[in-house]
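In what follows, a single structure is set out as structure tokens and then discussed.
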Amino acid sequence: MTGPNRRISGLLTTAIVLVLGVLLVHVLLETWVQVLSGPTSTDPRANLENAAQWPKQLKSVLYLGLAALAVVKVAVDQLWRRFLTGADLALVVLGLVMVLAGVVNDSSVTLMGEALFVYFRGVIVFYALRAADLDRTLVRRLLLVVGVVVGVNVLLALVQMVVGRPAYTMLGWVDLTWAGQSRAQGLLSHPNHLGHVLGIALLGFVCWVATTDGVRRGWWVAATVVAVAMSATQSRESLLGVLVGAGLVAVLVRGGLRRVLAVCLIVVLCTVTQIAVRPDNRAEWERRLGNAFSSFYHPAGSEHSRPAADTPTASAPPAARPSTSATARPAGRPGSTAAGGGPSARPTGSAKPSQPSASTPPGGSSPRAAPAPAATRSPAPVREIRVLYLQQAARILPRQPVFGFGIGQFGGVVAEKANPNWHKNPKFGPEGFNRYGFQAVQVDSFWLHLIMEVGILGFAGYLLWLLLVAKPLLATVQRLQRTARRPSPTIVWGLSALAFACIVGFLSPSMEDPLLPPLLWTVVGLAWWAALRSRSTEQASDPETSAGDGASRSTGEQEADTKILSTNEILAMARRPSSAAAAERSPKEPDAETAVLSSEEILAAARRLRPPAGPA
């Protein structure tokens, strides 16, 4: 590379890291800024819809700018061949399958473009980091900037945990649902979002202590503080993701099991302590576990097997459910029973008039009102909405299993924007997709959303792509383990972060949220950089390894020069002095002196012999 091109390449790398740092800080503060600039309504959806839209527009500009910088960097450095890995080809195939699923299911071009952008906008970060020529200084500065913002959220979460409601209003939050449930959210819109951020940070610490000896106590104290803050969010999916990711680290890294178990014990103890000392948290865990079991005893669709008279009462509990749902939106919003299955029967039924004992003037109303409480409890108790959605989707997906129902048409942010009544689409059935009165119009499971939009083929393609992203990282870890060397913590962090994201994707739409994807693919991109750096270091320190790699790449050329030797020929070669021994031997030593060759030297000499000319 010439001098001017080298300077341009260095400037592009700096620009990529700078824009990425701004993007990561932006996604950590975006919703809070919107709430501060919006109306003071207690309805969070109204706040975000009527708030200033420039933060979202700025985020899109940052993504597009990052993509443009990466393309220019690759063009300047001629790095096109770097992006021909199996993961890159799998991503192209996955994109084509998603487009085909949209074409088959009549998704418009605009809808497909928006859906693909939401699915893969975080991947732009991954490719930008692969295009940049990173060094330790740039990586440390990037992580330091993001770490400061994460640290601020940790401190605010601890204050919210101790002070309570005033700590939320002080930050400008007007929707105090999470304050009422004693769940810390920091500067993020949802406690689960803060849990995702702190979960990835804790996994980074797990990977560090597993691959490094002599970690100072101060770092353990800091990790404990982060674990307390994560427990204050009461994010169950983050807790499960951290434990699974830490388990993967324990399997990959030899000798770090005790330290990994120590971090897991700290996380579990912090969560258990929160549940023990906070009645709100304990009641929420009990309710969610009870609702999950109820969902299996009374699966989705069981309410329709009851007589028509029981239908309104079976729909009543789901209608009231949003007050304690996963999104925990305030109860009582109009239209919360639109998809409940029997809203039209409630005004004329006796469910509400029957509760006051004095309101029984008509002669025939009191006997009809008597069985209402028993019917409300038995046919359809309050159930876990995620389980109901999975059960319902298991019945709907077989209608279009291969390509699903089209990207941008089911349960995601794009589907909600294009059609707020997406669940009423007749392709999901005569009554559409039953949301059971759940106020959140999006589906709280990324994997369910994915398979319903792109079918089994797209779902399998997505998993294959993630496996191929993880494959070079796993190969690097295994290669280093074979040489009794510990892998870089950054490489293991990338693998554990992928496992974390896959776990939380079952319980939230996190893989297409504005927050988790850029954080996840930043960690994975840095892991790929660390793996490439480790490979380069190995080749520089061990020339024989690089020579062996070159020999393995030219196996076809070597096969033409290979000859099968007889036993006598091998013994004769073994009696000959090696080139190294001949060079060290003094002139006075007799030529008849022999040297013992190793098996590798014998085979190398055998390959240098060419087959005899003429017919065999």
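Since the model is a prediction, treat every value here as computed from it, not as a measurement.
In this pair, Phe410 and Phe433 present their aromatic rings perpendicular. The plane angle is above 60°, beyond the 30 to 60° band. Between Tyr119 and Phe446, the ring-plane angle classifies as perpendicular under the 30° and 60° cut-offs. Under the 30°/60° scheme for interplanar angles, the aromatic rings of Phe506 and Trp447 are found to be tilted.
A 4.5 Å side-chain heavy-atom check between Trp493 and Val249 finds every atom pair outside the cut-off. Side chains of Arg386 and Ser445 form no contact here, defined as non-hydrogen atoms less than 4.5 Å apart. The shortest side-chain heavy-atom distance between Leu261 and Leu265 does not fall under the 4.5 Å cut-off. Taking 4.5 Å as the limit, every side-chain heavy atom of Val209 sits out of range of all side-chain heavy atoms of Val260. You'll find the side chain of Pro509 stays beyond 4.5 Å of the side chain of His449, heavy atoms only. Using a 4.5 Å heavy-atom threshold, the side chains of Cys502 and Leu466 count as touching. In this structure the side chain of Val215 never reaches within 4.5 angstrom of the side chain of Arg259, judged on heavy atoms. Taking the side chain as every heavy atom from C-beta outward, Gln53 and Gln34 approach each other to under 4.5 Å.
Ser534 places no side-chain N or O within 3.5 Å of a backbone atom of Ala530 that could act as its donor or acceptor partner. Put simply, the side chain of Ser508 never gets that close to the backbone of Gly505: no donor and acceptor are under 3.5 Å apart. Counting only distance, with no hydrogens or angles, the side chain of Arg121 and the backbone of Glu512 share a donor-acceptor pair below 3.5 Å. Between the Trp32 side chain and the Leu171 main chain, a donor and an acceptor come within less than 3.5 Å of each other. Between the side chain of Glu453 and the backbone N or O of Gly408, at least one donor-acceptor pair lies under 3.5 Å. Without hydrogens or angle criteria, Gln400 side chain to Leu397 main chain gives no donor-acceptor distance under 3.5 Å. Side-chain atoms of Arg82 never come within 3.5 Å of backbone atoms of Val74 as a donor-acceptor pair (strictly under, hydrogens ignored).
In terms of heavy atoms, Leu194 sits closest to Gly186 at CD2-N, 3.8 Å. The minimum heavy-atom distance between Trp465 and Val123, with the atom names listed, is CH2-CG2, 3.6 Å. Across all non-hydrogen atoms, the minimal contact from Thr211 to Arg486 is O-CD, 3.5 Å. Across every non-hydrogen atom of Gln481 and Arg254, the tightest pair is NE2-N, 3.3 Å. What you find for Met98 and Ile407 is that their closest heavy atoms are O-CD1, 3.8 Å. When every heavy atom of Gly199 is checked against every heavy atom of Val242, the shortest pair comes out as CA-CG2, 3.6 Å.
Between Asp135 and Arg141, no side-chain nitrogen of the basic residue sits less than 4.0 Å from a carboxylate oxygen of the acidic one, so the salt-bridge criterion is not met.
Put simply, CG on Asp133 and OG1 on Thr14 are 10.0 Å apart, with the number rounded to the nearest 0.5 Å. The CG atom of Leu248 sits 13.0 Å away from the CG atom of Leu243 when rounded to the nearest 0.5 Å. Of the inter-residue distances, the one linking Tyr63 atom OH with His26 atom NE2 reads 9.0 Å to the nearest 0.5 angstrom. Rounding to the nearest 0.5 Å gives a distance of 11.0 Å between NE2 of His423 and CD of Glu416. Here the straight-line distance linking atom CG of Leu239 with atom OG1 of Thr271 works out to 4.5 Å at 0.5 Å rounding. With values rounded to the nearest 0.5 angstrom, Asn5 atom CG is found 8.0 Å from Asp77 atom CG.
Under 3.5 Å, the side chains of Gln185 and His193 contain no donor-acceptor pair of N or O atoms. Checked by atom type, the side-chain pair Asp88/Tyr127 shows a donor-acceptor distance below 3.5 Å. Side-chain atoms of Asp513 and Ser510 include no donor-acceptor pair closer than 3.5 Å.
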Run the side chain to side chain contact (heavy atoms under 4.5 Å, CB included) check on Asp444 and Leu507 step by step: do they pass?
CA-CA 6 Å; Asp444 274 356; Leu507 301 175; over 6 Å; no
Verify side chain to side chain contact (heavy atoms under 4.5 Å, CB included) between Leu143 and Leu526, making sure each step is shown before the conclusion.
CA-CA 10 Å; Leu143 295 179; Leu526 294 178; 4.0 Å; yes
Pair Leu474-Leu495, side chain to side chain contact (heavy atoms under 4.5 Å, CB included): steps then yes or no:
CA-CA 8 Å; Leu474 284 170; Leu495 291 169; 3.7 Å; yes
Would Leu66 and Ile16 satisfy side chain to side chain contact (heavy atoms under 4.5 Å, CB included), going step by step from the backbone distance to the final call?
CA-CA 6 Å; Leu66 196 61; Ile16 287 174; 4.0 Å; yes
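Under the ring-ring contact (aromatic ring centres under 6.0 Å, His included) criterion, no residue pair touches residues 226-251, with sequence neighbours excluded.
Ring centroid separation for the pair Trp208 and Trp219 comes in under the 6.0 Å cut-off.
Shown here is Arg140, whose CZ atom has no more than 12 heavy atoms of other residues, nucleotides or ligands within 6.0 Å. The 12-atom threshold is exceeded at CH2 of Trp529, counting heavy atoms of other residues, nucleotides or ligands nearer than 6.0 Å.
Residues forming a side chain to side chain donor-acceptor pair (under 3.5 Å) with Ser238 (at least two apart in sequence, or on another chain): Ser235.
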